[in-house]
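The block underneath contains the structure these notes are about, expressed in structure tokens.
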Amino acid sequence: MDNLWNEKKAAACKSDLDLRVYSSNLLGQNDELVLHGGGNTSLKSKINGEDVLHVKGSGWDLASIEAEGFAPVKLDVLLEMAKREHLSDSEMVHLQREAMTDKSAPNPSVEAILHALIPYKFVDHTHADAIVTISNSVNGDEHIVKLFPNFLIVDYIMPGFELAHTIYKMTKDLDWESIDGIILHHHGIFTFDNDAKKSYDKMIEAVTKAENFLDEQAVVHIEHNYVHSDCDIGKITKVLSAAKGYEVSININQSPLAAYYASQPNLKEFASRGVLTPEHIIRTKRVPLVMEDTNLEAAVEKYMQEYKSYFEKYATDEVMLNPAPNYMIIKNLAVISFGKDRKEAAIINDIVNHTMLAVLRADKLGGYQSISEKESFAMEYWELEQAKLKK
């Protein structure tokens with residue numbers, strides 16, 4: 001992975017917050033590190049003599065974040081929150097909001113408490129493809145430990161308070177200088193330092209190590225033969241629009257990668273093994289609609305019934321999302337993503353593109369393995385609740 005740090009541009013930064021913006025933008029410019037709002041960064045500083053965490057605000061993208069996109073939160077309040085045994089999502093959002101030194105700033109990231117726990121000035125967090133590809137393989141635990149012996153390795157835990165409190169307990173007696181970063185299985189990676197460049201360099205170095213491992217151990221040869229199809233795009237648009245309850249925009253992906261992915265044997269089982277990183281689920285749902293015949297209406301109806309069964313299996317008091325698929329795979333042909341507009345359809349396609357390559361590479365390592373169905377449901381409806389709480 002290329003290191004994009006430019007000393008001249010960094011030197012032009014007039015404050016630590018400017019430097020925080022600069023390095024955050026560098027991370028966000030690489031879609032193999034973060035996608036469409038994913039990842040978060042922070043800076044610890046003082047405001048009027050008080051320790052404050054400037055953490056990426058909700059709704060901001062690392063690629064384009066500016067200084068006003070960082071939420072300033074009193075550090076001592078976040079550290080006290082980490083010690084609590086229980087904290088509901090609504091309480092967490094409320095307490096973080098109350099602890100902000102500027103109430104006009106955006107709501108803090110759900111991972112603000114975790115950022116506060118890491119005792120370094122600059123903290124970087126990404127969902128690097130290479131890291132989660134290895135982690136999402138059946139032997140991911142073993143590979144990650146061998147590759148990153150000086151990292152704190154954490155099993156998958158729901159983002160937010162539960163994850164932060166777990167890391168609080170894991171690190172109470174930790175010598176932070178003994179570790180180079182944190183890897184969260186099925187989720188992503190943290191690096192940190194008191195120097196912005198060093199934290200960024202650590203991220204690039206770790207991800208490069210993971211990429212080199214994949215280049216050696218998980219080479220994928222994309223084989224693609226053009227297959228003619230009389231696929232009726234108008235019909236697909238009409239049927240999915242009826243299922244969604246609005247006129248869908250579609251994104252058709254017939255790249256060699258998409259066609260090769262769609263040509264895999266046992267396609268439904270192959271393509272229904274879950275998301276690459278948990279935050280993707282609110283965009284893509286857990287699984288796609290897989291079309292291996294021409295009866296689209298029946299396939300959509302079956303998908304929706306299966307989604308309803310999935311919902312009923314795990315729901316407590318949640319309100320079910322629309323059960324129609326967010327993307328489909330047509331056997332031997334293409335991947336088609338559905339959105340309320342072209343932008344949303346393109347975002348879903350981007351996520352699916354990254355997922356397809358990761359799945360193929362993880363299979364070379366013994367098999368792809370995402371979070372469980374139950375964990376997926378919890379994340380899908382937690383993401384929805386978080387969005388509501390922050391409005």
Side-chain angles (χ1 to χ4, degrees), residues 20 23 27 39-46 50-56 71 73-89 91-92 95-96 99 108-128 131-132 134-135 140-196 198-203 205-207 209-210 277-279 371 375 379:
R20 175 69 287 175
S23 60
L27 295 170
N40 41 66
T41 58
S42 68
L43 163 72
K44 296 179 183 72
S45 70
K46 288 185 180 291
E50 186 169 32
D51 291 326
V52 171
L53 177 79
H54 301 266
V55 65
K56 184 188 119 176
V73 190
K74 295 176 182 178
L75 187 61
D76 61 346
V77 174
L78 293 171
L79 294 175
E80 286 302 313
M81 289 169 67
K83 298 175 185 178
R84 295 177 60 160
E85 288 298 323
H86 303 285
L87 191 66
S88 70
D89 289 339
E91 287 176 313
M92 181 181 74
L95 290 173
Q96 288 183 168
S109 163
V110 297
E111 291 176 318
I113 302 173
L114 175 49
H115 278 259
L117 286 169
I118 299 172
Y120 287 88
K121 191 171 188 176
F122 293 91
V123 178
D124 297 333
H125 171 45
T126 74
H127 303 148
I131 298 292
V132 291
I134 297 169
S135 176
D141 293 8
E142 178 183 338
H143 293 314
I144 291 291
V145 168
K146 286 183 178 179
L147 282 168
F148 302 103
N150 295 327
F151 274 64
L152 178 68
I153 313 297
V154 184
D155 289 338
Y156 175 74
I157 300 170
M158 175 86 75
F161 172 74
E162 185 179 353
L163 174 59
H165 182 64
T166 299
I167 291 182
Y168 162 73
K169 291 188 290 185
M170 292 177 71
T171 60
K172 279 196 293 186
D173 299 317
L174 176 71
D175 175 6
W176 282 89
E177 292 187 4
S178 69
I179 64 171
D180 295 330
I182 300 172
I183 290 178
L184 309 175
H185 274 303
H186 305 293
H187 182 160
I189 176 173
F190 280 82
T191 56
F192 33 81
D193 201 280
N194 289 323
D195 179 277
K198 289 180 180 178
S199 183
Y200 174 80
D201 288 347
K202 288 176 183 178
M203 179 66 69
E205 289 165 8
V207 176
K209 180 181 283 191
T277 189
E279 70 160 18
I371 59 175
E375 290 166 334
M379 189 66 190

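We're numbering straight along the sequence, starting at 1. Bear in mind that the values here come from a model prediction, so they are computed numbers and not experimental data.
- Panel note: side chain T277, backbone H187; a donor-acceptor pair is recorded below 3.5 Å.
- Side-chain contact between K121 and L43: present, with at least one pair of heavy atoms (C-beta onward) separated by less than 4.5 Å.
- Listed here is the closest heavy atom pair of Q96 and A112: OE1-CB, 3.7 Å.
- With respect to F192, the ring pair (Phe, Tyr, Trp, His ring centres under 6.0 Å) criterion is satisfied by exactly one of Y200, F122, W176: W176.
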F148 vs D180, test: side-chain contact (heavy atoms from CB on, under 4.5 Å). Steps then yes/no.
CA-CA 9 Å; F148 302 103; D180 295 330; over 6 Å; no
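- Rounding to the nearest 0.5 Å gives a distance of 10.5 Å between OG1 of T191 and CD1 of I183.
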Between I118 and I182, does the side-chain contact (heavy atoms from CB on, under 4.5 Å) criterion hold? Intermediate values first, please. CA-CA 10 Å; I118 299 172; I182 300 172; 4.1 Å; yes
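- Put simply, CG on N150 and CG on L147 are 12.0 Å apart, with the number rounded to the nearest 0.5 Å.
- In this structure, I157 CD1 and H186 NE2 are separated by 11.5 Å, a value rounded to the nearest 0.5 Å.
- Taken to the nearest 0.5 Å, the CG atom of L27 stands 10.5 Å off from the CG atom of N40.
- Taking the six-membered ring for Trp and thresholds of 30 and 60 degrees, H125 and H127 have ring planes more than 60 degrees apart, a perpendicular arrangement.
- Side-chain contact between F190 and L152 is absent, with no heavy-atom pair separated by less than 4.5 Å.
- Rounded to the nearest 0.5 angstrom, M92 CE and E162 CD are separated by 11.5 Å.
- H165 contributes a side-chain N or O that, together with a main-chain N or O of R84, makes up a donor-acceptor pair within less than 3.5 Å.
- Side-chain contact check for V123 versus L53: every heavy-atom pair is 4.5 Å or farther apart.
- Nearest approach of L75 to A116, heavy atoms of both residues: CD1-CB, 3.6 Å.
- Judged purely by atom type and a 3.5 angstrom limit, S109 uses its side chain to pair as donor or acceptor with the backbone of E111.
- With a 4.5 Å cut-off on side-chain heavy atoms, K44 and P119 do not count as touching.
- S135 places no side-chain N or O within donor-acceptor distance of the main-chain N or O of G140, the cut-off being under 3.5 Å.
- You'll find the side chain of M81 stays beyond 4.5 Å of the side chain of E91, heavy atoms only.
- Side-chain atoms of I189 and T126, non-hydrogen and from C-beta on, do get closer than 4.5 Å to each other.
- Remark: E142 engages K146 in a salt bridge, criterion side-chain N to carboxylate O under 4.0 Å.
- Rounding to the nearest 0.5 angstrom, the gap separating the CD1 atom in I144 from the CD1 atom in I153 is 6.5 Å.
- Centroid-to-centroid, the aromatic rings of Y156 and H185 stay 6.0 Å apart or farther.
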For this session: Assess whether side-chain contact (heavy atoms from CB on, under 4.5 Å) is satisfied between L117 and L79, documenting all intermediate values.
Result: CA-CA 6 Å; L117 286 169; L79 294 175; 4.1 Å; yes
query: Between I167 and L184, does a side-chain contact (heavy atoms from CB on, under 4.5 Å) hold up when you go through it step by step?
result: CA-CA 10 Å; I167 291 182; L184 309 175; 4.0 Å; yes
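- Side-chain contact check for L174 versus M170: every heavy-atom pair is 4.5 Å or farther apart.
- L78 pairs in a side-chain contact (heavy atoms from CB on, under 4.5 Å) with only one of the listed residues (V52, D51, V73), which is V73.
- The nearest pair of heavy atoms linking V55 to P108 is CG1-CB, 3.8 Å.
- S45 and H54 get closest at one heavy-atom pair: OG-NE2, 2.8 Å.
- Checked for salt-bridge contact, E205 and K202 miss the test: no charged N lies under 4.0 Å from a carboxylate O.
- The existence of a salt bridge linking K56 and D124 is excluded, since no basic side-chain nitrogen approaches an acidic carboxylate oxygen closer than 4.0 Å.
- Taking both residues in full, the closest heavy atoms of A82 and I113 are given as CB-CG2, 3.6 Å, listed atom of the first, atom of the second, then distance.
- Put simply, the side chain of M379 does not reach to within 4.5 Å of the side chain of E375, judged on heavy atoms.
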